[in-house]
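Proteins get letters first, then strands, A, B, ... in listed order; numbering begins at 1 in each.
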Amino acid sequence: MNLFPKKPYPSSKEGVIKCIFFCEFHHTAGPIISCQVPDNYISKELFDSISVYIITKAELQRSTITVTLEDYKVLGFPIRIDNKKYARNAFHFNLCFVCDSDTRTVQYEHVVTKLSDYLLSMEIESAFLSANNPSDNLTPILEKVLHDLNTKGECALTEGPIATHLKVCKIRSDPQLVLDHQVPIFVKALPANQWDLTTQQVTPYIDGFNHVARIAALSDVDNSLVKACIQNLVYYNVVALVPLFQYGNVYCSTPKLRTLAHDNELQKRCLHYVTRSHRQFPNVRDVFRVYAAMSRGTTIKDLCSRFNLCSMRINERKLVQFGVLEGLIRRIQKYPILIGENSELQKSFTGSCTMDEVCCATGVATQQLEDRLERDHNIVLMCK
Amino acid sequence: MMEVSPLSIILVKSDSKGDRLLFRYPFQVQETIQTPSKVRKNLYAFQGLEETIQSAVIVSTSNISKGTITGFSDEVLSSLFAVKTDLCNKKFELKVNDVRFVSHPTLIQLKNKQADKDDSGIMLINIVFALSALASHSVVRCYHDLSQRIGIILRHEEKRCGYISEQTLSMMSSHDEDPTNNGSAFQNILERCNLANNIKKIYEDLCSDGVVSVRINRWIGLSFCLPQKAHQWHLRGQIVEPEDIDRCIQALRPYHSLLLLHPVEHLIQYTCLDSSPSLEKLLAQYSPMKNLQTLAADSDLTLAQIFELSAHLVYWAKATVIFPVCGTNKYVISPRAPLNHNSPLIEKFNRLFPGCHLIQIINEFSVPTSLHSKLNPLCKTTLESSLAKYIIWMLQHHLLLQLHTYIEYMPTENGSSGSKSLKKCGKTPSPRASSVLSASYPEVARTESESGTSTVSEAPDLIKQLNLENVSFASTDDDKHDYQEELLLDFPDEERSQIFKIPATNTPDDLKLFARLCRKRYFEGTHHVEEIMYLENLRRSQLTQLLDKFRDVLITYDSEDPAIAMFSWNS
């Protein structure tokens with residue numbers, strides 16, 4: 001169950017592997033492709049023009065090298081084995097993946113490295129590559145790798161004396177730091193039975209309303225461990241972070257709100273999510289009207305008194321959660337900033353901390369702090 | 001953040017005498033040569049383990065150190081970039097570990113060698129930009145474009161005066177004089193060769209502000225802008241891709257306005273001697289209060305020209321696009337506005353407007369605020385001008401965001417499902433519906449109010465279609481409902497019944513305007529109020545009254561204009 005499907009990276013697509021070839025330095029013929037799956041995907045002429053990047057100089061051994069041509073991208077990892085038994089005292093080889101030139105190939109770099117090291121060990125153990133007809137040995141392996149990686153994203157090579165497991169890992173950007181006042185919320189069901197003990201202890205308290213500091217207290221786990229665990233869950237897109245819900249919060253609509261009026265699938269998900277009871281769902285117009293009424297200067301409390309959310313069958317907490325997660329609305333944060341001279345308050349009211357952060361750090365209730373700050377003319381509460 | 005500055009620029013030549021790395025910048029003059037393998041050795045590896053497995057294992061780590069490339073000897077680079085003829089005169093891209101090399105290898109016919117029989121006299125010149133591997137596709141494209149343009153200039157200069165023959169000869173002799181390979185040869189070349197100085201200048205320009213301006217061989221000017229870098233000075237930390245700019249330029253409308261990021265005088269100085277005279281005309285008439293249409297009229301240029309000039313100024317990070325500053329605009333603080341104690345903007349604002357504190361001024365915009373609402377009717381002019389100045393300054397620094405009102409048509413509880421059937425009707429209208437459609441256009445509406453005779457003479461084709469309606473107009477109150485039904489004939493039944501619950505439908509003018517705007521699909525959240533006003537030539541009061549009367553089926557919300565959203569701090 002994936003409640004909030006993530007859109008794929010927009011600018012460039014992840015490439016499928018079009019071809020895998022194995023090439024070596026032949027002691028008389030020079031660089032040649034000795035095995036290719038599917039056959040003749042890379043022509044001899046094309047290979048000759050790029051062979052300098054595939055069978056490389058000594059300095060570039062064991063570097064991941066990608067050449068981008070007009071139609072193809074060739075990703076390789078050149079390796080040399082020095083041994084007296086070979087003609088010219090060394091065996092050069094390179095196992096290359098070929099993809100379309102407009103795709104991303106970074107995710108295959110580790111796979112190519114690992115597969116090359118696997119072949120290296122096979123060669124050292126049993127002269128697997130330098131035997132009379134390497135193509136016979138290699139073709140089934142390369143076919144299996146090509147097929148399995150493109151369909152399953154992973155491949156296990158277990159035949160022969162050495163086994164290896166290949167897996168394409170998505171390259172994701174590092175997750176942001178988790179802060180005390182943020183609220184984690186599940187965006188898909190937690191995959192079962194594979195989490196560490198801390199995560200198992202923490203996850204029951206992730207309900208979309210408890211903030212990090214509170215989860216730490218409830219689960220009796222150290223604050224920094226909770227943060228590390230939630231950061232890990234965020235990295236795997238299991239959990240998203242939303243701002244703390246309070247009735248005094250202010251939200252505003254974003255340009256994305258428009259999609260709610262035109263995307264039927266989104267409407268359906270929204271109604272299921274924000275409903276108070278599953279017997280009867282709210283209607284789209286009411287939901288849209290409430291979202292549209294969210295603007296700077298209007299708190300959730302104001303909305304509750306303006307609309308009869310109960311008779312509309314809308315759960316306001318869920319409504320805000322859905323809106324924030326889908327980017328239909330955005331929280332307007334308040335930033336206290338000191339403009340007079342007061343060295344004591346200067347540290348906390350710099351203008352870069354939100355009210356939530358200050359409240360969470362000091363343990364003061366938001367309303368209380370807000371009242372006090374409003375009386376102080378040296379402090380300005382910026383909303384942005 | 002992605003680093004878009006080049007790590008290094010490398011010049012490689014290849015001809016019948018072989019390949020050679022002629023120059024690279026930046027370089028270091030070293031006392032002792034570090035062997036590349038030493039640099040890339042893993043310090044944490046157990047000594048001797050590598051040898052037991054095999055001799056040539058070098059653990060691959062980063063090839064970037066201190067902002068430049070490391071671990072490649074000049075010979076290796078030279079062999080990599082002296083590409084085969086098949087790869088010449090097209091884009092070349094090579095990624096080694098975490099460095100990406102981009103270039104456009106160019107074949108150049110040398111001027112003086114054409115006569116030689118044993119020598120074809122063709123030389124490959126490759127100007128390679130080394131980038132971080134994280135550089136995006138669009139950055140790579142820009143660098144390729146730059147390399148290609150340098151190649152074209154060099155080819156031309158060789159043809160004109162043998163520039164490449166002379167420069168390469170000079171660089172080669174410097175290398176031969178100083179074979180120690182410790183960088184001092186590069187120092188000599190930099191002192192001696194004009195091309196090396198050009199490369200240095202290009203590198204420095206790209207690293208500083210992303211705008212290259214050099215004169216190669218003191219003759220041909222090369223102007224180049226790397227938008228991902230050039231926009232950093234006003235939008236720090238945000239990458240502006242050329243595609244974003246294209247999208248913005250596509251969305252440019254005559255009611256938008258330009259906001260110059262520099263004072264006009266600076267821009268006039270910046271423009272070169274042979275710049276377009278229309279640009280000067282535009283700058284002379286420029287004001288952030290004027291929309292592009294007015295600007296075109298005032299500067300005596302066509303709108304198309306103004307669009308082109310705007311696109312140019314935006315691409316080169318000299319201007320951004322806004323909605324013209326006027327009294328009814330609602331502004332709020334931009335969500336990512338860098339406002340805190342350490343912000344240099346506070347000091348900058350104070351220097352420009354003494355006695356004013358930026359935070360106090362901008363705090364007025366914590367809730368949506370317009371220029372008009374801030375005005376005191378008594379001392380109007382002075383306050384207005386100073387407030388407008390603050391707003392323009394804050395817009396230039398992307399601290400403010402303008403909110404527009406968007407309208408969504410939701411006639412039934414299920415939202416816009418009905419609007420799809422309306423679209424279908426719009427495409428294939430029934431004959432009667434089409435008469436209603438044409439009747440809803442302003443010209444025809446005007447003829448209706450006039451006497452029947454003038455209508456005949458003006459629009460004889462329309463009269464047949466209009467006949468039916470003219471009859472219903474002339475008739476009594478009972479027929480008024482028929483007329484209403486007629487006007488909304490292309491709306492689905494369910495929607496029509498909802499609309500007729502609204503009392504304002506009894507006023508023909510209101511209903512007519514509503515039906516007209518609805519059919520033109522202004523109420524689907526893609527047009528803001530100001531745009532509808534512009535396109536339909538309506539007054540704000542007319543539109544706001546209509547929105548108020550039909551609020552049961554029209555839902556309004558405020559949001560920023562996505563067309564120009566790239567000029568604000570967002571994620």
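- No side-chain donor-acceptor contact under 3.5 Å links B/S334 to the backbone of B/L400.
- Using a 4.5 Å cut-off between heavy atoms, B/T556 touches chain A through its backbone atoms (N, CA, C, O) alone.
- Between the A/D82 side chain and the A/A90 main chain, no donor and acceptor come within less than 3.5 Å of each other.
- Contact of B/Q360 with chain A is made through the side chain alone, with heavy-atom distances under 4.5 Å.
- Looking only at heavy-atom pairs under 4.5 Å with chain B, the residue among A/M294, A/K57, A/R289, A/K334 that has the most is A/R289.
- For chain A, the option among B/L339, B/V83, B/D86 with the highest count of heavy-atom pairs below 4.5 Å is B/L339.
- Rounding to the nearest 0.5 Å places CD1 of A/I42 at 6.0 Å from CD1 of A/I50.
- A/Q61 contributes a side-chain N or O that, together with a main-chain N or O of A/R80, makes up a donor-acceptor pair within less than 3.5 Å.
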* Trace of the salt bridge (charged side-chain N to carboxylate O under 4.0 Å, His left out) decision for A/R285 with B/E408 -> CA-CA 10 Å; A/R285 184 158 65 172; B/E408 199 67 59; over 6 Å; no
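- With a threshold of 4.5 angstrom between heavy atoms, B/L80 approaches chain A through its backbone and through its side chain.
- Only the backbone of B/D558 comes within less than 4.5 Å of a heavy atom in chain A; its side chain stays farther off.
- Only the backbone of A/D48 has a heavy atom closer than 4.5 Å to any heavy atom of chain B.
- With sequence neighbours excluded, the residues that form a ring pair (Phe, Tyr, Trp, His ring centres under 6.0 Å) with B/F81 are B/F101.
- Counting heavy-atom pairs closer than 4.5 Å to chain A, the top residue among B/S366, B/S343, B/S79 is B/S366.
- Your options are A/G297, A/C353, A/S352, and the one with the most heavy-atom pairs under 4.5 Å with chain B is A/S352.
- Neither the backbone nor the side chain of A/S295 comes within contact range of chain B; no heavy atoms are under 4.5 Å apart.
- For a residue to count as touching a neighbouring chain, one of its non-hydrogen atoms must lie under 4.5 Å from one of that chain's; by this rule B/V99 does not touch chain A.
- When heavy atoms are compared at a cutoff of 4.5 Å, A/Q333 does not approach chain B at all.
- With a 4.5 angstrom heavy-atom cutoff, A/T298 does not touch chain B via any of its atoms.
- Screening B/E93, B/H104, B/K90, B/K91 against B/H144 for a side-chain hydrogen bond (donor to acceptor under 3.5 Å, both in side chains) leaves a single residue, B/H104.
- A side-chain donor-acceptor contact under 3.5 Å links B/T369 to the backbone of B/V367.
- Among residues two or more places apart in sequence or in another chain, the side-chain hydrogen bond (donor to acceptor under 3.5 Å, both in side chains) test is passed with A/Q176 by none.
- Contact annotation for A/L69: only side-chain heavy atoms (C-beta onward) come within less than 4.5 Å of a heavy atom of chain B.
- With respect to chain A, the highest number of heavy-atom pairs below 4.5 Å among B/E243, B/H357, B/H404, B/K95 belongs to B/K95.
- Side-chain atoms of A/R313 come within 3.5 Å of backbone N or O of A/F281 as a donor-acceptor pair.
- Heavy-atom pairs under 4.5 Å with chain A peak, among B/T526, B/T85, B/N342, B/I346, at B/T526.
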